Amino acid sequence: MYDIPQRPRRNRQSAAIRDLIRETHLTPGHLIMPLFVLDGQGRREEISAMPGVFRLSEDEVLKEVRACMHVGVRSFVLFPAVEEELKTPDGSYGAHPSNFYLRIARSIKATFPEVMLMSDVALDPYSSDGHDGLVVNGEIVNDATLPLLAAQAVAQAKAGFDFIGPSDMMDARVGVIREALDEANFTQTGIIAYSAKYASAFYGPFRDALESAPKSGDKKTYQMDPANRHEALREAELDADEGADFLMVKPALCYLDVIRDLAVHMDRPIAAYNVSGEYSMLKAAAAKGWIDYDRAMPEMLTSIHRAGASVILTYFAREFAERYQAGNLPR
Ligand code: PBG
C-alpha cells in the first residue's frame, strides 16, 4: 500500500461526479455566428477553404439566421463580399445608402427584431487597396482614416446594427466612433472593439472569402505582433477608456494567454474571435479522418471560454448549438 493522501482521481470516477464539478459551461447563448453576405438573390456560394461556410444573398441569409435561432444562436456578425468594381481607395461604398450590406442588416432586424446584430468596421472589404485604412503613398494613414470609419459606423447604426465592430486597428478609432454615434443620437448602439487584433496568418481563408487581401504589403503596421502580450493590455485599456463595451482578442486559439490577461485585468466583457484559419484547420483534419471533429470542436470552444472569453465569435456556432440542443456534446 502506498500512502497517497491526495487522490484527485476520486473526483473524476463517474459521469455524475464530473458533471457536479465541471467549471466551464459553454452554451449557444455565448456564441456569435459570422455570416458572409453578398448582393442579389438566390445566391449561395461555398467558400472553398471553409467547407460548410457560404457567401449568402439576402434571402439565403434570412434562412440561415432562422436555422441558427432555432438552435439558440441569436447573435450574428455580418461581413460583406463586395464586387471589385465597387471598391475605391477610400472605401466609400461602406457608408453608401444603397449598400447591400446595410440593406441586409435592415432586413434581418425587420424579420428577427430579437437578434443581436454586430457589424464590421474597416475599409478592407470596400478598399481597392485591400487595407483596413486609407493608403497614401504606400503608407496606411491613421488620422485620415478615422472619419471614414465613423461614417461607416453611423450608417451601420442607422441600418439597425446593435453593436459596431471596429476591426481596423487604427489608433483612437473607438473614441471617434463613439462620439460620432452619440452625436447622431445612437447612444444605445454599442461597440465591440477588436482590441488585441494580431497580424495573423490565420485570417487567410477569410480574405479568400471576401477577396479582401491587401494588394501590396501586409498589415503589420496596424495589427499587432504575435510575439507581444503586454501591448494587448495597453490596447484594451485605450479602447475601454474610449468607450468600448466589449473588448476582443483575435485570433483565439494561439492567444489564450492574452484572453486570460484581459479577463483578469479589464472590467469589460471579453470576446474572442475563433477565426477562419482555426475553423479550416479543424475541418481539413476531420475530412482526412485525422481528428475526431465531434470531440475536438467543442473542446476548442470550451478552452476559449475557460481562458476567459465570455463571448466567442465562431464559424462553428450553428454546429455547436445543434449538438448542444440535441444533447449530443461529449462530456
Ligand atoms: C478585416 C477583418 C479580418 C477578419 C475580420 N475582419 C481579416 C483581416 O484583418 O485581414 C478575419 C476573420 C477571420 O479570419 O475569420 N477587417
Side-chain angles (χ1 to χ4, degrees), residues 31-37 47-55 76-82 87 91 93-95 101 118-135 140 142 145-146 148-149 152-153 156 161 163-170 173-174 177 191-226 235 246 248-255 271-284 300-301 304 309 311-318:
L31 306 179
I32 301 179
M33 174 76 166
L35 298 171
F36 297 110
V37 300
I47 295 154
S48 56
M50 300 179 74
V53 178
F54 297 79
R55 299 185 201 91
F76 302 89
V77 53
L78 305 186
F79 295 99
V82 179
K87 298 184 183 181
Y93 184 68
Y101 178 73
M118 173 183 169
S119 75
D120 182 56
V121 168
L123 297 197
D124 62 333
Y126 311 105
S127 155
S128 42
D129 295 305
H131 275 288
D132 294 17
L134 195 62
V135 183
I140 293 90
N142 194 84
T145 300
L146 299 175
L148 305 172
L149 301 173
Q152 268 191 25
Q156 292 168 354
F161 280 100
F163 280 90
I164 304 302
S167 66
D168 53 280
M169 288 301 276
M170 297 299 119
R173 88 282 200 215
V174 171
I177 289 171
I191 299 176
I192 299 180
Y194 289 66
S195 299
K197 178 171 177 181
Y198 287 86
S200 172
F202 291 92
Y203 309 147
F206 175 98
R207 292 180 190 171
D208 290 346
L210 299 190
E211 290 172 13
S212 63
K215 301 282 169 12
S216 71
D218 53 42
K219 298 193 174 187
K220 289 179 187 168
T221 66
Y222 46 108
Q223 298 181 348
M224 285 176 54
D225 183 337
E235 287 283 3
F246 295 26
M248 197 203 294
V249 175
K250 175 183 178 185
L253 291 170
C254 291
Y255 300 88
Y273 199 141
N274 178 213
V275 299
S276 56
E278 298 173 331
Y279 175 88
S280 301
M281 279 195 308
L282 181 53
K283 284 285 179 179
M300 273 189 176
L301 296 182
I304 298 167
V311 181
I312 305 173
L313 291 80
T314 179
Y315 304 95
F316 296 122
R318 181 175 166 182

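All heavy atoms count here, side chains included; hydrogens, waters and symmetry mates do not. Note that ligands are numbered from 1 as they come in the structure, with each ligand's atoms numbered from 1 the same way. This one's a predicted model, so the numbers in the text were calculated from it and none came from an experiment.
- Nearest non-hydrogen protein atom to atom 14 (O) of ligand 1 is Ser276 OG, 2.7 Å.
- Looking only at heavy atoms of the protein, atom 16 (N) of ligand 1 is closest to Ser167 OG, 2.8 Å.
- When only non-hydrogen protein atoms are considered, atom 10 (O) of ligand 1 lies nearest to Arg207 NE, 2.5 Å.
- No donor-acceptor pair under 3.5 Å is formed between the side chain of Gln223 and the backbone N or O of Met169.
- Scanning the protein heavy atoms around atom 4 (C) of ligand 1, the nearest turns out to be Lys250 NZ, 2.6 Å.
- Atoms of ligand 1 found under 4.0 Å from any heavy atom of Ala122, numbered from 1 in the order shown, are 16 (N).
- Residue contact check: Tyr315 has heavy atoms under 4.0 Å from atoms 12 (C), 13 (C), 15 (O) of ligand 1.
- At the shortest separation from atom 12 (C) of ligand 1 among protein heavy atoms lies Phe206 CD1, 3.2 Å.
- Inclusion of Lys219 in the set of residues having an N or O under 3.5 Å from an N or O of ligand 1 is warranted.
- The residue from Arg207, Arg173, Lys219 that alone fulfils the salt bridge (Lys or Arg N to Asp or Glu O under 4.0 Å) condition with Asp132 is Lys219.
- For the pair Ser280 (side chain) and Ala49 (backbone), a donor-acceptor distance under 3.5 Å is present.
- When atom types are taken as modelled, the side chain of Arg55 and the backbone of Ile47 share no donor-acceptor pair closer than 3.5 angstrom.
- Annotation: cation-pi pair Lys197/Tyr203 present, NZ/CZ under 6.0 Å from the ring centroid and within 45° of its normal.
- For the pair Gln223 and ligand 1, a heavy-atom separation below 4.0 Å is found.
- Within the 6.0 Å centre-distance limit, the rings of Phe161 and Tyr101 are counted as a close aromatic pair.
- Using a non-hydrogen distance threshold of 4.0 Å, Tyr273 registers as a contact of ligand 1.
- A donor-acceptor contact shorter than 3.5 Å links the side chain of Glu278 to the backbone of Leu253.
- Looking at heavy atoms from C-beta onward, Tyr279 lies out of side-chain contact with Thr314 at the 4.5 angstrom threshold.
- Taking only non-hydrogen atoms, the option from Val121, Asn274, Asp208, Asp124 nearest to atom 1 (C) of ligand 1 is Asp124.
- Here Asp168 has no heavy atoms under 4.0 Å from ligand 1, in either its backbone or its side chain.
- Annotation: atom 2 (C) of ligand 1 to nearest protein heavy atom, Lys197 NZ, 3.2 Å.
- Between Phe79 and Phe206, the ring planes are perpendicular. Angles over 60° get that label, and only those under 30° would be called parallel.
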